[in-house]
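The next block holds one structure in the form of structure tokens; read it before the comments.
First the proteins, then the strands, lettered A, B, ... as listed; each starts at 1.
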Amino acid sequence: MDVLTFVKAQWDRVVGIAAVVLGAVVLFIGYLGVSGTSYPAEQLPYMISAGLVGVLLVAVGGTLWLSADMRDEWLMLSDIHQELQRLEPEVVVTAEVEPTKTRRRSLKT
Amino acid sequence: MVRPRLGVRAAQPAETVVAAARRTVPWSLQDLRRLVRTFAVGLTGLVVAWLVASGTTDLVHQEYAVAGGIVATAVAVTGLAGWLLAGVRALRAERAQSLPQIRELIARRSPETAPVPAQAVDGPVTAPGMTHYHDAACLMVRGKAAQPADVPALLPCPICTEGAS
């Protein structure tokens with residue numbers, strides 16, 4: 001699988017990793033800014049712009065990664081529904097299953 | 001009322017409304033809107049806090065700005081947590097819906113384990129895993145794989161057997 005296909009299939013995981021890395025970089029920049037001055041009035045803006053934003057970026061990355069896991073599980077359940085309907089249509093009492101358009105490959109395989 | 005979900009095409013026939021519960025993602029449009037709203041509030045709060053903190057050298061004002069920034073971050077993180085929670089709930093509901101169907105399918109495909117009506121068995125009945133014997137009409141054996149009971153080895157059912165309690 002080439003890189004572009006991988007990124008398309010796993011865009012949320014890729015963006016999640018990028019957000020975590022970016023968050024770490026922002027935190028480091030904030031550390032450099034805070035440690036570069038001894039005046040609290042100059043340090044506090046770094047705490048907000050780099051410290052809190054860095055933490056938020058890491059949280060966004062983690063959320064995206066967990067969302068990708070949930071999405072995989074959701075698609076797996078959808079496949080189970082499709083298979084159930086194929087095997088025993090009368091068992092699936094709810095309705096027809098919308099076919100999955102794109103198949104995502106899990107990183108866990 | 002079926003909530004609109006992400007990853008669904010707009011126009012769908014009325015008979016497939018129930019099918020709208022199956023999507024390519026577990027979140028609804030309402031979940032996405034809530035995430036965007038809370039995240040936008042949090043980010044705006046962070047920007048305002050940074051502008052206030054960087055625009056003054058007064059420590060008191062800056063402390064307020066830092067406190068506001070922390071609150072704004074908490075709001076944004078709450079939005080993310082709500083997003084994950086909505087996904088977990090949708091998955092749980094989907095799983096709960098699938099399990100009975102899977103069990104039914106397994107039961108249909110396994111004739112040896114398919115439930116035998118208790119009325120089809122003469123005399124006292126029991127089912128695998130039970131420690132009591134029952135009358136064939138007892139509610140406790142309804143829908144279970146009934147089989148003739150080895151009465152001396154089992155206890156009488158306190159519901160259907162007179163004098164057993």
Linked, directly or transitively: Tyr64(B) and Leu52(A) (ILVMFWY side chains, under 4.5 Å): no

Inter-residue atom distance Leu66(A).CG - Leu84(B).CG, 0.5 Å rounding: 5.5 Å

Proximal to chain B - members of residues 25-45 of chain A, heavy-atom separation under 4.5 Å: Pro40(A), Ala41(A), Leu44(A), Pro45(A)

4.5 Å side-chain heavy-atom contact, Leu56(A) and Leu43(B): yes

Between CH2 on residue Trp74(A) and OG1 on residue Thr24(B), distance to nearest 0.5 Å: 9.5 Å

Common cluster, Val53(A)/Leu80(B), ILVMFWY with side-chain heavy-atom separation under 4.5 Å: yes

Least distance between heavy atoms, Ala49(B) atom then Ile48(A) atom: O-CD1, 3.6 Å

Under the side-chain hydrogen bond (donor to acceptor under 3.5 Å, both in side chains) test, residues paired with Arg95(B) that sit two or more places apart: Glu73(A)

Part of Ala65(B) lying under 4.5 Å from any heavy atom of chain A: both

Donor on one side chain, acceptor on other, Trp83(B) and Ser67(A), under 3.5 Å: yes

Euclidean distance, Ile70(B) CD1 relative to Met47(A) CE, rounded to 0.5 Å: 6.0 Å

Same cluster (ILVMFWY, side-chain, under 4.5 Å), Leu57(A) and Val15(A): yes

Shared hydrophobic cluster for Trp11(A) and Val25(B) (ILVMFWY, side-chain gaps under 4.5 Å): yes

Flag if over 12 foreign heavy atoms under 6.0 Å of CE, Met140(B): no

Interface residue of largest heavy-atom contact number with chain A, from Thr57(B), Val77(B), Leu91(B), under 4.5 Å: Leu91(B)

Shared hydrophobic cluster, Leu59(B) / Leu51(B) (ILVMFWY, side-chain heavy atoms < 4.5 Å): yes

Set of residues satisfying side-chain hydrogen bond (donor to acceptor under 3.5 Å, both in side chains) with respect to Asp58(B), sequence neighbours excluded: His61(B)

Chain A contact via Val47(B) - side chain, backbone, both or neither, heavy atoms under 4.5 Å: neither

Ile80(A) portion near chain B, given a 4.5 angstrom heavy-atom threshold: side chain

Within-4.5 Å side-chain heavy-atom neighbours: Val60(A) and Phe39(B): yes

side-chain hydrogen bond (donor to acceptor under 3.5 Å, both in side chains) against Ser98(B), all qualifying residues, sequence neighbours excluded: His81(A)

